[in-house]
Amino acid sequence: MLTGTAPTGLETAPFFAEIAEGPAGAEAWWVRAEDGTRLRFGVWPSGPKGTVLMFCGRTEYVEKYGRVAQDLADAGYGMVSFDWRGQGLADRPQHEPGVGHVVSFDEYRQDVAAFRAAMEALDLPKPWYLVGHSMGGCIGLRALYDGLPVAAAAFTGPMWGIQLSPLLKMISPVLIGGSALLGRDNRFAITTGPWKAEPFDGNILTTDPDQYAYMNRQMAAHPELTLGGPSFRWVAAAEEEADALLAMPPLDLPVVTIVGSDEKRVSISNAQQRMETWPGGAFILVDGGRHEVLMENPARRGQTLDAILSHFDAHPA
């Protein structure tokens, strides 16, 4: 329910409609996690089929999914998206606002709890559905085990394992352990650093120049939304959480997972393995797709959206 008036405990937050290219009438709100961290989430107008919870990836922010919100609105769904702690306009680490850092992924569980309470306060139309991308796929899978009330879930390029070169895989434990001993595990992990705009050629996100330009326009217009690489501790926490989730038994919930065949950021095999052990779970490999299958060329993006929408339509409650 969008009223323009904040329910008790919520405060209106900035929303950059001009860069989102989403449905008209979106609003954004601030909310506080249990530890006091201020978070932001954005809500696009409701649809008759329910509300999609877009759990975005590391470095991402509410407005990035404006075009997806428009696609969902055209199909009859409202959408809500989130700025996790440390990114977008949410509170960031004091030691270095440009580094992605948490001590434990349990911190994101606090974020989910705060967002869930806020969505209930806004009376967002149900049924709810989950789309979890990349890191949001890791946070989202944990949220399902924590009882997030959704009718069905879809994951795109979920971070249920991080792709590392053989050398980095071998030396990563030493680097992480050494950084902790030196009190520097909250600094940029090796091979990463501050955010900078990268050319389209050679990018690992998408094969589509228009979608890549869309993302870069957003960050050029609002550099406060950008985020650099992760910290050593974030990498360790991500690996710990991915291992824990893969070891857990599957849930009785309809799930589809979609990954590009040219994925270079997360583990394809871990995603496939998770779905093979999930009763009724579906795994879809998008031929030629990269990490951002929801921001791929029209054919691959269409394949991804069609799979998600048909999955949600098949589970109305």
Side-chain angles (χ1 to χ4, degrees), residues 33 35 37 39 55-61 82-88 90-112 132-143 145 155-196 198 203-205 225-248 259-260 263-271 273-274 290-292:
D35 64 359
T37 302
L39 314 164
F55 278 27
C56 65
R58 201 193 73 80
T59 79
E60 297 180 346
Y61 43 85
F82 312 94
D83 284 359
W84 306 114
R85 63 181 59 219
Q87 60 194 66
D91 285 349
R92 297 194 176 208
Q94 293 185 356
H95 73 279
E96 174 56 74
V99 65
H101 176 69
V102 292
V103 174
S104 165
F105 266 48
D106 282 348
E107 294 176 46
Y108 296 123
R109 297 170 82 177
Q110 291 189 45
D111 298 359
V112 173
H133 174 65
S134 196
M135 183 186 80
C138 187
I139 297 171
L141 184 56
R142 173 63 72 177
Y145 283 106
F155 296 100
T156 62
M159 194 193 71
W160 299 335
I162 301 172
Q163 282 200 35
L164 297 173
S165 70
L167 176 60
L168 275 180
K169 189 174 293 186
M170 181 176 64
I171 67 175
S172 179
V174 176
L175 292 172
I176 291 170
S179 67
L181 286 173
L182 294 171
R184 297 185 62 83
D185 60 347
N186 63 353
R187 304 297 176 177
F188 286 117
I190 189 171
T191 76
T192 75
W195 178 85
K196 62 179 179 179
E198 300 286 354
N203 88 87
I204 65 172
L205 300 179
L225 296 174
T226 63
L227 181 66
S231 69
F232 282 105
R233 182 58 220 160
W234 184 95
V235 173
E239 292 178 337
E240 290 163 3
E241 181 72 342
D243 289 346
L245 289 170
L246 285 177
M248 297 177 75
V259 180
E263 171 67 63
K264 303 296 184 188
R265 180 158 286 174
V266 303
S267 170
I268 298 176
S269 60
N270 282 13
Q273 174 190 332
R274 177 75 279 187
R290 296 181 185 172
H291 186 56
E292 301 272 6

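Values reported hereafter were calculated over all heavy atoms of this structure, with side chains retained and with hydrogens, waters and symmetry mates removed.
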| Of all residues at least two apart in sequence or in a different chain, which pass the ring-ring contact (aromatic ring centres under 6.0 Å, His included) check with Phe155? | Trp160
| Presence of salt bridge, Arg233 and Glu240, under 4.0 angstrom | yes
| Test item: Thr37 and Gln110 side chains (from C-beta on) under 4.5 Å apart, heavy atoms | no
| Side chains of His133 and His291: closer than 4.5 Å at any heavy-atom pair? | yes
| Distance in Å, Leu205 CG paired with Glu263 CD, rounded so as to fall on 0.5 Å steps | 9.5 Å
| task | For residues Glu198 and Asn203, determine if any side-chain heavy atom of one lies less than 4.5 Å from a side-chain heavy atom of the other. | result | no
| query | Where do Asp111 and Ala33 come nearest, in terms of heavy atoms and distance? | reply | OD1-CB, 4.0 Å
| Which residues satisfy the side-chain hydrogen bond (donor to acceptor under 3.5 Å, both in side chains) test with Arg109, sequence neighbours excluded? | Asp106, Asp146
| query | Would a distance-only check, ignoring hydrogens and angles, find a side-chain to backbone donor-acceptor pair under 3.5 Å from Gln163 to Ser267? | reply | no
| field | Counterpart residues, side-chain hydrogen bond (donor to acceptor under 3.5 Å, both in side chains), relative to Arg274 (two or more places apart) | value | Tyr145, Thr277
| task | Compare every heavy atom of Arg290 with every heavy atom of Ile204, then report the nearest pair and how far apart it is. | result | O-CB, 3.4 Å
| task | Given side-chain contact (heavy atoms from CB on, under 4.5 Å), test Val112 with Trp84 step by step and report yes or no. | result | CA-CA 9 Å; Val112 173; Trp84 306 114; 3.9 Å; yes
| Gln273: side chain to side chain contact (heavy atoms under 4.5 Å, CB included) partners, not counting sequence neighbours | Asn270
| message | Counting C-beta onward and ignoring hydrogens, is there a side-chain heavy-atom pair between Glu60 and Glu292 closer than 4.5 Å? | response | yes
| field | Partner residues of Glu107 under the salt bridge (charged side-chain N to carboxylate O under 4.0 Å, His left out) criterion, sequence neighbours left out | value | Arg85
| task | Measure the shortest side-chain to side-chain distance between Phe232 and Phe188 over non-hydrogen atoms and say whether it is less than 4.5 angstrom. | result | no
Donor-acceptor pairs under 3.5 Å, side chain of residues 92-103 to any protein atom, not counting sequence neighbours: which ones?
residue : atom : partner : partner atom : Å
Arg92   : NE   : Gly88   : O            : 3.4
Arg92   : NH1  : Pro97   : O            : 3.1
Arg92   : NH1  : Thr226  : O            : 2.9
Arg92   : NH2  : Gly88   : O            : 3.0
Arg92   : NH2  : Glu224  : O            : 3.1
Arg92   : NH2  : Thr226  : O            : 3.0
His95   : NE2  : Asn186  : O            : 2.6
Glu96   : OE2  : Gly98   : N            : 3.1
His101  : ND1  : Ser231  : OG           : 2.8

| request: Give the C-alpha distance, both sets of side-chain angles, the deciding distance and a yes or no for side-chain contact (heavy atoms from CB on, under 4.5 Å) between Thr59 and Met135. | output: CA-CA 9 Å; Thr59 79; Met135 183 186 80; over 6 Å; no
| said: To check you understand the geometry: which heavy-atom pair defines the closest contact between Pro158 and Ala271, and what is its length? | reply: CG-CB, 4.2 Å
| query | Is there a side-chain contact (heavy atoms from CB on, under 4.5 Å) between Tyr61 and Phe82 once you walk through the steps? | reply | CA-CA 6 Å; Tyr61 43 85; Phe82 312 94; over 6 Å; no
| field | Any Cys56 side-chain heavy atom under 4.5 Å of Gln87 side chain | value | yes
| query | With side chains defined as the heavy atoms from C-beta onward, is the minimum distance between Glu241 and Tyr108 less than 4.5 Å? | reply | no
| remark: Correct closest heavy-atom pair for Ala242 and Gly161 would be CB-N, 3.8 Å
